[in-house]
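Read the numbers this way: they start at 1 and go in the same order the structure lists the ligands and their atoms.
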Amino acid sequence: MRHTIGLILGTALALGLSANTVLADDHAAGEAVFKKCRACHSIEPGKKRVGPSLFGVVGRTPGTAEGFKYSPSMIAYGKTGAVWDDATLDSYLASPRKLVKKTRMAFPGIKGEEDRKALIEYLETLHD
Ligand code: HEC
């Protein structure tokens with residue numbers, strides 16, 4: 001009996017550890033993809049570069065970071081009731097101009113689906 005419990009605990013621990021490792025790997029992968037964004041985006045609250053800060057971007061209405069001057073098309077996109085979530089970010093980051101015509105973000109997009117997924121998971125961690 002004791003042996004069985006030990007086995008179950010041991011297995012649970014091993015599974016828990018490997019799940020943690022996978023999460024850490026994903027975070028590192030997303031952070032690596034974010035290198036493509038860093039020239040134009042900071043992850044500090046309110047600190048703009050060529051683009052707005054991406055702190056808290058997940059859940060934000062497009063075109064509403066305070067103090068940043070967006071293109072009229074990004075503001076118009078936000079007024080459609082859109083929100084930056086998994087789906088809208090995936091679409092924008094795959095091909096910015098396809099989702100927001102005339103966006104000022106001069107970036108061709110990220111082709112790899114896995115890269116976008118890891119990147120969006122990383123963006124999700126940027127909040128209080
Ligand atoms: C060459 C500079 C540049 C690069 C590189 C860049 N961006 Fe941008 N980004 C901008 C600009 C400028 C805007 C504002 C666009 C507008 O107003 O149309 C923007 C807007 C955004 C928005 C909308 C934010 C909001 O507040 O509505 C997101 C999300 C975003 N970028 C994510 C990214 C990610 C993720 C990457 C890296 C894969 C990236 N950008 C790469 C310049 C850049």
Side-chain angles (χ1 to χ4, degrees):
M1 187 61 192
R2 211 174 252 165
H3 181 73
T4 316
I5 291 174
L7 203 69
I8 292 171
L9 283 179
T11 312
L13 202 68
L15 286 174
L17 282 179
S18 59
N20 272 338
T21 317
V22 170
L23 283 178
D25 280 357
D26 270 5
H27 186 83
E31 209 172 2
V33 181
F34 189 73
K35 287 199 180 118
K36 294 180 197 244
C37 325
R38 252 200 224 140
C40 301
H41 290 287
S42 97
I43 58 170
E44 285 166 52
K47 191 171 173 209
K48 61 183 174 195
R49 292 196 179 138
V50 174
S53 165
L54 292 184
F55 182 85
V57 70
V58 176
R60 184 194 285 170
T61 297
T64 59
E66 215 168 299
F68 186 80
K69 205 166 180 301
Y70 290 91
S71 64
S73 34
M74 186 60 82
I75 291 168
Y77 179 54
K79 288 197 172 140
T80 64
V83 171
W84 290 127
D85 59 18
D86 279 1
T88 52
L89 281 169
D90 189 67
S91 165
Y92 187 60
L93 296 175
S95 181
R97 291 219 158 87
K98 222 180 213 170
L99 183 71
V100 185
K101 284 183 195 68
K102 299 191 183 163
T103 176
R104 244 174 232 147
M105 173 156 135
F107 185 75
I110 296 173
K111 285 216 177 77
E113 201 175 311
E114 288 301 311
D115 282 354
R116 290 198 307 272
K117 194 164 172 264
L119 175 60
I120 292 165
E121 274 168 19
Y122 171 71
L123 293 177
E124 275 165 2
T125 67
L126 306 176
H127 57 79
D128 285 323

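- Exactly one of V33, D86, D115, V57 qualifies for a side chain to side chain contact (heavy atoms under 4.5 Å, CB included) with I120. That residue is D86.
- Considering only non-hydrogen protein atoms, atom 12 (C) of ligand 1 sits nearest to V50 O, 3.3 Å.
- Short contacts between ligand 1 and T103, defined as distances under 4.0 Å to a heavy atom of the residue, involve ligand atoms 15 (C), 16 (C), 18 (O).
- Summarising the contacts of atom 11 (C) of ligand 1 with G56, S71, G51, the nearest heavy atom is found in G51.
- In this structure, P72 and R104 have side chains that are in contact, with non-hydrogen atoms separated by less than 4.5 Å.
- Residue L89 approaches ligand 1 through these ligand atoms, each under 4.0 Å from one of its heavy atoms: 29 (C).
- S53 places a side-chain N or O within donor-acceptor distance of the main-chain N or O of E44, the cut-off being under 3.5 Å.
- Remark: ligand 1 atoms within the under-4.0 Å shell around heavy atoms of L93 are 32 (C), 33 (C), 34 (C), 35 (C).
- For atom 28 (C) of ligand 1, the nearest non-hydrogen atom from the set Y77, Y92, F107 belongs to Y92.
- Listed by number with element, the atoms of ligand 1 under 4.0 angstrom from any heavy atom of R104 are 12 (C), 15 (C), 16 (C), 18 (O).
- Annotation: atom 14 (C) of ligand 1 to nearest protein heavy atom, F68 CE2, 3.7 Å.
- At least one side-chain heavy atom of H41 sits under 4.5 Å from a side-chain heavy atom of M105.
- Close N/O approach between G63 and ligand 1 is found [any backbone or side-chain N/O within under 3.5 Å].
- Using modelled atom types, no side-chain atom of Y122 and backbone atom of A32 make a donor-acceptor pair closer than 3.5 Å.
- For atom 40 (N) of ligand 1, the closest non-hydrogen atom of the protein is H41 NE2, 2.8 Å.
- Residue nearest to atom 39 (C) of ligand 1, selected from M74, M105, E66, R116: M105 (by heavy-atom distance).
- The nearest protein atom to atom 36 (C) of ligand 1, hydrogens excluded, is given as C37 SG, 2.8 Å; this is a heavy-atom distance.
- Atoms CZ and CD, on R116 and E114 in that order, are 9.5 Å from each other to the nearest 0.5 Å.
- Close approach of ligand 1 to R60 is summarised as follows: ligand atoms under 4.0 Å from at least one heavy atom of the residue are 25 (C), 26 (O).
- Between W84 and ligand 1, at least one pair of N/O atoms sits closer than 3.5 Å.
- Side chains of F55 and K47 form no contact here, defined as non-hydrogen atoms less than 4.5 Å apart.
- Interface of Y70 with ligand 1, defined as ligand atoms under 4.0 Å from a residue heavy atom, comprises 17 (O), 25 (C), 26 (O), 27 (O).
- Within the 3.5 Å criterion, the main-chain N or O of K101 finds a donor-acceptor partner in the side chain of S73.
- Residues Y92 and T103 bring a donor and an acceptor atom of their side chains to less than 3.5 Å of each other.
- Both V58 and F68 are part of a single hydrophobic cluster, where members link through side-chain heavy atoms under 4.5 Å apart.
- Residues W84 and L123 have side chains not in contact (no heavy-atom distance under 4.5 Å, counting atoms from C-beta outward).
- When only non-hydrogen protein atoms are considered, atom 5 (C) of ligand 1 lies nearest to K36 O, 3.4 Å.
- Y77 and L99 make their closest contact through OH-CD2, 3.5 Å (heavy atoms, listed as atom of the first residue, atom of the second, distance).
- When only non-hydrogen protein atoms are considered, atom 13 (C) of ligand 1 lies nearest to P52 CD, 3.7 Å.
- Looking at V100 against ligand 1, nothing comes within 4.0 Å, counting heavy atoms.
- Near P62, meaning under 4.0 Å from one of its heavy atoms, ligand 1 places the atoms 27 (O).
- Looking at atom 2 (C) of ligand 1, its nearest protein heavy atom turns out to be C40 SG, 1.9 Å.
- With ligand atoms numbered from 1 in the order given, ligand 1 contributes 1 (C) to contacts under 4.0 Å with heavy atoms of A106.
- At least one side-chain heavy atom of R49 sits less than 4.5 Å from a side-chain heavy atom of S42.
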